[in-house]
Amino acid sequence: MKILICISNVPDTTTKIRFVNDNKAFDTNGVQWIINPWDELALTRALELKEGSGGKIEKVSVISVGSHGAEPTLRKALAIGADDAIRINAEPKDAYFVASQIAAAIKDEGYDMIIAGIESSDYNGSAVGGMIAELLSIPNVSSVSKIDVEGDNVVLKREIDGGSEVLATQLPFVAIIQKGVALEPRIPSMRGIMMARQKPLKVVEPVETESLTEFVDFSLPPAKAACKMVDPENMKELVNLLHTEAKVL
Amino acid sequence: MSILVYTENWDGKFKKLSYELVSYGKGIADMMGTSLIVISIGDVDQGELKKLGDYGSDKIIEVKNGKLNHLINSAYSSIISQVAEKEGATVVILSNNFTGKALAPRVSVKLKAGLVSGVNAMPSSTDPFIVQKKTFTGKAFANVKINSVNKILTLAQNSYGIKETENKARIESFEPQLSDNDFRTEVKDVKKVTGKVLLTDAEIVVSGGRGMKGPENWGPIEELAGLLGAATACSRPVSDKGWRPHEEHTGQTGKIIAPNLYIAAGISGAIQHLAGVSSSKCIVAINKDHEAPIFEAADYGVIGDVQKVLPDLIEAVKEFKSEN
């Protein structure tokens, strides 16, 4: 069995968000780039599955669409433990563009399980995993919070509004994961970092494809009015404010 | 041309979010001078279906099939696409909840429809089609232009509201073309949480953080939530420590919520937490540290020990409830 993790290269989650060029572009100045938090959990779980598979899972690969600047993020994925990496050499334009690139690059590579995060923490598209599944005409299971491999079968737990379901799926398929699949993202060891330099990172050129959407401009939420402080000894006053002023009680 | 809204049902019933989706679809249909069609998949009775008309749906299409009792992404997205094609729908709208996130990308590829996820306002124009969404997990907004003829949107919950109109809806049924290929996943078991207000549905949410000091101290959070008909939530450290189930984690990597009232007890307000709750209409923060960043996001603040403040707040709410 071969597993592929789709990696999105995103700003560190503590980044102060600013825009440049008349608010038409995200200000990347001084930004630390990381593996999208969900993708990191996906990679961690894939490695756990591989280690527990007794050799049945032969490979965990990572793939990302991005320019040369995205390579440190892929190297980090290799340092965490992925076996090899693919970078599609193009600026990610929109979800359809990214999914089309990944689908084209992997369609003959025989991956059994493709895992994507439920969204990326920058543009929150929640789309790439599902689009890859549709482009490859394979099933997908979304909002997955648990993945297990039992013999030749993959068993998944899916979160639904107000509960959860257990699913079985035919292979190959795409799992779109959220919190829960792994407890803590794995941190690269010193040895992992050394080994990552030797691991294959293949660069492939993009295929001709279109994007269907484009960002026009960005804005920051309006500043919030100052917080009104209420005396901790007077909770009656707080309830009164919530009722008469905020009108939420 | 038409606008198509898909709403799921929960054991045969629709929810506020269904009516919000229909209201939003009606708004776009009016902007574009066209009709609104709503599709429902699964077992829903005629009376319940008819309610969708109260929010502006001109036609309600029901698809019933014993194999469709659980969400199967391939089958559901295939049905939505077939109906969109049959009805000449150029804009398809789903919720940005788990189900919408599961289906919209597949429908997007099938219809070659540019997808904007998590929209939170009416389009600012429909030609060109430009609509606002949240980005950077609520830390910013973006205007996105869709260049394709077909368009698909997922609506952020509680971002538009409900608007009732005169009910002129008629109900039709539709027989989709499905193949075995649409059923390659199978639901083996379902577990439903009962008797609790769901976090994503809740108008009021009471949330606890590390300042609660331990899972044994959650009594007042649950009591206050019970009194207010609220859902309970928590910050990431709390779910990571296993004090509360991870379904309750609100924040950047947990649930993104937008209730009318969010009460944060003992939560310092890390930027990742605020990203998940900043769309709340009103935020109350209770924290003993006056420098906690939660106070910058809050509308009302109480500086004090949660162990002392919460019981007082519970008493005050009880008194209020008995008077109103």
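Everything numeric here is computed off the predicted structure, so don't read it as measured data. In what follows, every chain begins at residue 1, and chains take the letters A, B, ... in the order their sequences are listed. Values below: all heavy atoms of this structure, side chains included; hydrogens, waters and symmetry mates excluded.
Between chain A and the residues B:I130, B:I283, B:T135, the largest count of heavy-atom pairs under 4.5 Å involves B:T135. With chain B as the partner, the residue from A:G180, A:P232, A:P139 showing the most heavy-atom pairs under 4.5 Å is A:P139. Ranking A:T15, A:I176, A:L242 against chain B, the residue ahead of the rest is A:L242, based on heavy-atom pairs under 4.5 Å. Heavy-atom pairs under 4.5 Å with chain A peak, among B:V284, B:N181, B:N97, at B:V284. In terms of non-hydrogen atom pairs under 4.5 Å with chain A, the most contact-rich of B:S239, B:G304, B:A298 is B:A298. Ranked by heavy-atom pairs shorter than 4.5 Å toward chain B, the options A:S137, A:S100, A:A95, A:A226 are led by A:S137. Your options are B:L261, B:V193, B:L198, B:N73, and the one with the most heavy-atom pairs under 4.5 Å with chain A is B:N73. Most heavy-atom pairs under 4.5 Å with chain B, from the set A:G125, A:A99, A:P37: that is A:G125. Contact tally against chain A (heavy-atom pairs below 4.5 Å) for B:V187, B:I271, B:T99: the top residue is B:V187. Most heavy-atom pairs under 4.5 Å with chain A, from the set B:E203, B:Q272, B:K192: that is B:Q272.
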Donor-acceptor contacts under 3.5 Å from residues 162-172 of chain A side chains, at least two apart:
unit_1	atom_1	unit_2	atom_2	d
A:E165	OE1	A:R158	NE	2.9
A:E165	OE1	A:R158	NH2	2.6

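Counting only residues at least two apart or on different chains, the salt bridge (charged side-chain N to carboxylate O under 4.0 Å, His left out) pairs with a member in residues 230-249 of chain A are A:K228-A:E245, A:E233-B:K308, A:K236-B:E319.
For the pair A:K179 and A:W38, the cation-pi test (distance below 6.0 Å, angle within 45°) is failed. By the 6.0 Å and 45° rule, B:K134 does not stack over the aromatic ring of B:F141.
The environment of B:K288 atom NZ is sparse: at most 12 non-hydrogen atoms of other residues, nucleotides or ligands sit within 6.0 angstrom.
Using cut-offs of 30° and 60° on the angle between ring planes, the pair B:H273 and B:Y262 is tilted.
The pair A:E40-A:K76 meets the salt-bridge criterion, since a charged nitrogen lies less than 4.0 angstrom from a carboxylate oxygen. Salt-bridge check for B:D201 with B:K16: failed, with every basic side-chain N at 4.0 Å or more from each acidic carboxylate O. For A:E210 and B:K112, the salt-bridge test passes: some basic side-chain N is under 4.0 Å from an acidic carboxylate O.
When the heavy atoms of residues 143-153 of chain A are compared with those of chain B, the residues falling under 4.5 Å are A:S143, A:S145, listed by number. Interface residues of residues 16-32 of chain A toward chain B, defined by a heavy-atom distance below 4.5 Å and sorted by number: A:I17, A:F19, A:F26.
The only member of A:D39, A:D122, A:I35 that meets side chain to side chain contact (heavy atoms under 4.5 Å, CB included) when paired with A:V10 is A:D122. Of the listed residues (B:R236, B:K196, B:K255), just one forms a salt bridge (Lys or Arg N to Asp or Glu O under 4.0 Å) with B:E248, and that residue is B:K196.
Contact of A:Y96 with chain B is made through the side chain alone, with heavy-atom distances under 4.5 Å. Both the backbone and the side chain of A:V141 come within contact range of chain B, judged by heavy atoms closer than 4.5 Å. Contacts between B:T200 and chain A at a heavy-atom distance below 4.5 Å involve the side chain alone, from C-beta outward.
Side-chain N or O atoms of B:N324 include one that pairs as donor or acceptor with a backbone N or O of B:F320 at under 3.5 Å.
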